[in-house]
Amino acid sequence: MRAIRQSAWGGTETMALVEVARPAPVFGEVLVRVVAAGVNPVDVYTRRGQAYNQVLDLPFINGWDVAGEVVETGYGTPRFRPGDRVFGMPWFPRAAGGYAEYVTAPARHFARMPDGLGFTEAAALPLAGLTAWQMLVEVAAVAPGQRVLVAGAAGGVGHLAVQIAKARGAHVTGTASAAKHAFVRGLGADEVIDYTTSEVSGAVRDMDVVVQMFGGRAGLDALECLRPGGVLVSAQAAWTPGLHERAGELGVRAVDYLVDPDGAGLGALAGLVADGRLKVHVDAVFPLARAAAAHDRVATGRTTGKIVLAVGEPAGDEEARG
């Protein structure tokens with residue numbers, strides 16, 4: 001099979017399109033023919049050697065977001081059959097090999113694609129969608145009427161978090177540059193703050209929940225937006241020195257967070273999609289061979305929604321069962 005592999009941590013010049021052996025599923029696993037693969041900021045950091053590399057080995061095939069068709073099932077996997085269309089975020093943060101024509105992973109790392117969702121959009125959903133869902137629902141337990149601040153509301157996680165929070169009945173404020181305000185309002189945000197011209201911690205107060213994908217000074221400033229007893233859920237707490245100490249001084253909570261593979265969570269996201277309450281925005285699609293260009297696009301930090309790699313074509317049920 002074809003895959004994008006790197007033999008060293010570093011720049012995009014380390015990425016190469018190569019032929020590697022196709023994996024085979026073991027007990028409890030499925031083999032998925034990948035049609036599309038999502039590209040996330042963590043992919044860029046990992047390629048550079050800046051994220052989770054202590055649990056990864058070279059040579060390395062990047063990528064955790066995939067959508068495709070089940071080709072083969074290992075023993076004890078009644079959840080899926082060959083030909084099923086699935087999407088998932090297998091193995092994170094261990095290597096999943098998403099930038100490849102086939103992946104294997106436990107069946108519970110996948111869910112069936114909802115009707116009406118194409119492979120491209122499905123590949124854009126798992127990591128960002130699970131991040132938003134787990135932050136808002138499983139950690140913060142957002143309830144109707146609560147006030148939620150979504151930092152970076154036009155980004156991959158942010159644009160999904162706005163919609164999920166609204167689906168939970170929250171009043172949602174998002175931050176985005178002025179050019180993206182209409183997009184964020186179209187997602188359902190009640191208010192949008194231009195972080196390039198306003199100090200967010202001065203403009204936003206008394207939030208029940210803040211979801212934050214940025215670290216450093218931005219993470220500390222986000223604490224100032226909370227009411228007493230409110231909660232900041234941070235994906236960058238490890239890169240925000242003094243976060244918990246400052247939270248204690250302000251009488252708020254700061255929770256460290258890392259996304260988990262979760263078939264049940266994927267199923268919940270699929271339900272929101274099927275109900276018309278969640279839409280995935282794809283900023284651009286690149287062919288697998290141009291994965292380096294996709295990384296360059298993500299690294300700008302200016303994407304709206306998600307970037308996706310087109311990996312293969314759907315085989316169709318007959319071939320998938322062959």
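Keep in mind that the numbers below use all heavy atoms, side chains included, and drop hydrogens, waters and symmetry copies. Starting from 1, each residue takes its place in the sequence as its number.
The pair Asp84-Arg112 counts as a salt bridge, with a side-chain nitrogen and a carboxylate oxygen less than 4.0 angstrom apart.
Of the possible donor and acceptor atoms, none in the side chain of Gln212 sits under 3.5 Å from a partner among the backbone N and O of Leu232. At distances below 3.5 Å, at least one donor-acceptor pair connects side-chain atoms of Asp208 with backbone N or O atoms of Arg147. Judged by distance alone, with hydrogens and angles left aside, the side-chain atoms of Lys180 form no donor-acceptor pair with the main-chain N or O of Ala154 at under 3.5 Å. With hydrogens and angles ignored, the 3.5 Å screen pairs a side-chain donor or acceptor of Asn53 with a backbone N or O of Thr46. Between the Trp133 side chain and the Leu160 main chain, no donor and acceptor come within less than 3.5 Å of each other. Counting only distance, with no hydrogens or angles, the side chain of His181 and the backbone of Ala176 share a donor-acceptor pair below 3.5 Å. Checked by atom type and distance alone, the side chain of Asp283 never pairs as donor or acceptor with a backbone atom of Ile307 at under 3.5 Å.
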Please evaluate residues Gln236 and Ser234 with respect to the criterion side-chain hydrogen bond (donor to acceptor under 3.5 Å, both in side chains), reporting the C-alpha separation (whole Å), side-chain torsions for both, the decisive distance (0.1 Å), and the verdict.
CA-CA 5 Å; Gln236 297 288 328; Ser234 173; over 6 Å; no
Are Leu130 and Phe92 close enough, and set up right, to give a side-chain contact (heavy atoms from CB on, under 4.5 Å), and what steps lead you there?
CA-CA 11 Å; Leu130 283 176; Phe92 187 84; over 6 Å; no
I'd like to know whether Asn40 forms a side-chain contact (heavy atoms from CB on, under 4.5 Å) with Lys306, so could you lay out the CA-CA distance, the side-chain angles of the two residues, the decisive distance to 0.1 Å, and finally the verdict.
CA-CA 7 Å; Asn40 296 283; Lys306 293 291 298 293; 3.1 Å; yes
Mind running side-chain contact (heavy atoms from CB on, under 4.5 Å) on Val311 and Glu101 for me, showing each step along the way?
CA-CA 6 Å; Val311 179; Glu101 292 179 317; 4.1 Å; yes
For Leu125 and Leu278, run side-chain contact (heavy atoms from CB on, under 4.5 Å): C-alpha distance rounded to whole Å, both residues' side-chain angles, the deciding distance at 0.1 Å, then the answer.
CA-CA 10 Å; Leu125 182 57; Leu278 183 65; 4.1 Å; yes
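Note that OH of Tyr257 and CE of Met135 are 6.5 Å apart. Values are rounded to the nearest 0.5 Å.
With sequence neighbours excluded, no residue satisfies salt bridge (Lys or Arg N to Asp or Glu O under 4.0 Å) with Arg94.
Hydrophobic clustering, with ILVMFWY side chains joined whenever heavy atoms are under 4.5 angstrom apart, groups Val150 together with Val184. Connection of Tyr52 to Met213 is established within a shared hydrophobic cluster, with ILVMFWY side chains joined at heavy-atom distances below 4.5 Å, either directly or through further cluster members.
Atom NZ of Lys166 sits in a crowded spot, with more than 12 heavy atoms from other residues, nucleotides or ligands closer than 6.0 Å. Shown here is Arg205, whose CZ atom has more than 12 heavy atoms of other residues, nucleotides or ligands within 6.0 Å. Taking a 6.0 Å sphere around CG of Asp115, one finds it holds 12 or fewer heavy atoms contributed by other residues, nucleotides or ligands. Around the CZ atom of Arg185, the shell of radius 6.0 Å holds more than 12 heavy atoms that belong to other residues, nucleotides or ligands. No more than 12 heavy atoms of other residues, nucleotides or ligands lie within 6.0 Å of CZ in Arg5, so this atom counts as exposed by the packing criterion.
Screening Tyr45, Tyr99, Phe286 against His295 for a ring pair (Phe, Tyr, Trp, His ring centres under 6.0 Å) leaves a single residue, Tyr99.
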